[in-house]
Amino acid sequence: MTDSPSSMSIALRPATADDSEWIAELRAEVLRADLERLGRFDETRVRQRFRDAFEPTQTLIIVVDGTDIGSVAIRAEGESRWLEHFYIATSHQGRGLGDRVLGIVLDDATPYRLNVLQGSPARRLYERHGFVVDTQDDVDVFMTLDRAGRATSGSDGR
């Protein structure tokens, strides 16, 4: 029997530099199937891309019932914010935790942007929260959530 999402205690704690390696491993685990399907999985690169971009001051660790199970980063860019490195351990996926975490972090009218891999089931999660497609290519889908109705400007799409 799986726990209902409402019965699980979710907390977000600030990341530290010591979190880098386990998040890099989590990223490899979470993205593996999508990257393999797209012909883009590389054991080393998937981890190194995270290490190169990791900013502990922008990252929160998702803690469920006292156990670290994921991460989410919010990076400011101009008048918008990028939602990045949103990973939940596969053992905890499908329980509504992603919805609950997004409900916590998307707490204002600031425009949010993100990119998700083509064909990823995570796209449905983002669409449920109001994200719409801006652009896409063979690998990435870039999405924006703009509850205030303001125009958003382009970005580097990290």
Side-chain angles (χ1 to χ4, degrees), residues 1-16 18-38 40-41 46-47 49-50 53-77 80-136 139-150 152 157-158:
M1 179 173 161
T2 56
D3 295 332
S4 74
S6 61
S7 70
M8 291 181 264
S9 167
I10 295 180
L12 299 175
R13 70 163 175 83
T16 68
D18 292 338
D19 291 311
S20 177
E21 285 309 307
W22 81 262
I23 299 172
E25 290 303 315
L26 177 64
R27 180 180 197 268
E29 170 194 333
V30 169
L31 296 183
R32 184 180 195 113
D34 286 331
L35 289 171
E36 284 180 341
R37 179 180 39 76
L38 294 167
R40 310 279 298 206
F41 185 78
V46 70
R47 292 166 178 85
R49 284 193 66 182
F50 172 78
F54 180 56
E55 289 291 337
T57 60
Q58 298 171 351
T59 306
L60 297 168
I61 303 303
I62 302 164
V63 182
V64 173
D65 294 333
T67 302
D68 296 347
I69 61 95
S71 70
V72 61
I74 306 292
R75 177 176 56 89
E77 180 179 79
S80 64
R81 294 182 187 148
W82 277 86
L83 179 74
E84 299 176 317
H85 306 299
F86 186 22
Y87 312 121
I88 294 177
T90 55
S91 62
H92 285 75
Q93 291 179 6
R95 299 180 184 185
L97 296 171
D99 280 315
R100 287 186 58 197
V101 170
L102 286 180
I104 295 167
V105 299
L106 302 175
D107 63 350
D108 59 25
T110 302
Y112 285 86
R113 300 176 52 89
L114 61 81
N115 71 294
V116 62
L117 292 170
Q118 281 286 2
S120 172
R123 179 173 169 176
R124 291 188 303 276
L125 168 67
Y126 301 130
E127 288 172 337
R128 282 196 306 271
H129 283 266
F131 281 87
V132 295
V133 174
D134 287 330
T135 62
Q136 54 188 315
V139 176
D140 292 301
V141 178
F142 293 89
M143 304 178 81
T144 299
L145 171 65
D146 187 6
R147 293 173 288 206
R150 295 186 299 242
T152 56
R158 256 197 296 183

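- Screening Thr110, Leu83, Leu60, Thr59 for a side chain to side chain contact (heavy atoms under 4.5 Å, CB included) with Ile74, the sole residue that qualifies is Leu83.
- Nearest heavy atoms, Ala15 versus Phe54: CB-CZ, 4.2 Å.
- At a threshold of 4.5 Å between non-hydrogen side-chain atoms, the residues Arg113 and Thr144 count as touching.
- Taking the side chain as every heavy atom from C-beta outward, Met8 and Arg95 approach each other to under 4.5 Å.
- The side-chain heavy atoms of Leu117 and Asp140, taken from C-beta on, include a pair separated by under 4.5 Å.
- A donor-acceptor pair is defined here as one N or O able to donate and one able to accept, closer than 3.5 Å; no such pair exists between the side chain of Glu29 and the backbone of Ala89.
- Considering every non-hydrogen atom in both Ala28 and Val46, the closest pair reads CB-CG1, 3.6 Å.
- With rounding to the nearest 0.5 Å, the separation of CG in Leu12 from CD1 in Ile62 is 6.5 Å.
- Pairing each heavy atom of His92 with each of Leu97, the nearest pair is O-CD1, 3.4 Å.
- Side-chain contact check for Asn115 versus Glu84: every heavy-atom pair is 4.5 Å or farther apart.
- One finds the OG1 atom of Thr90 at 10.5 Å from the CD1 atom of Ile69 (value rounded to the nearest 0.5 Å).
- Taking the six-membered ring where tryptophan is involved, the planes of Phe86 and Tyr126 are tilted, since the angle between them lies from 30° to 60°.
- The backbone N or O of Val105 lies less than 3.5 Å from a partner atom in the side chain of Tyr112, making a donor-acceptor pair.
- Summarising the geometry of Met143 relative to Asp134, their closest heavy-atom pair is C-OD2, 3.8 Å, with the distance given to 0.1 Å.
- With Asp19 contributing its side chain and Thr16 its backbone, the two residues share a donor-acceptor pair below 3.5 Å.
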Discussion item. As a quick check of understanding, evaluate side chain to side chain contact (heavy atoms under 4.5 Å, CB included) for Gln118 and Val139, giving each step before the final call.
Written reply: CA-CA 5 Å; Gln118 281 286 2; Val139 176; 5.6 Å; no
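- The shortest non-hydrogen separation linking Ile23 to Ser71 is CG2-OG, 3.6 Å.
- Considering only heavy atoms from C-beta on, Arg47 stays 4.5 Å or farther from Arg27 through its side chain.
- The side-chain heavy atoms of Leu31 and Ser120, taken from C-beta on, include no pair separated by under 4.5 Å.
- Val63 and Arg13 make their closest contact through CG2-CG, 4.0 Å (heavy atoms, listed as atom of the first residue, atom of the second, distance).
- Under the 4.5 Å side-chain criterion, counting only non-hydrogen atoms from C-beta, Ile61 is in contact with Trp22.
- Taking the charged nitrogens against the carboxylate oxygens, Asp108 and Arg81 do have a contact shorter than 4.0 Å, which makes a salt bridge.
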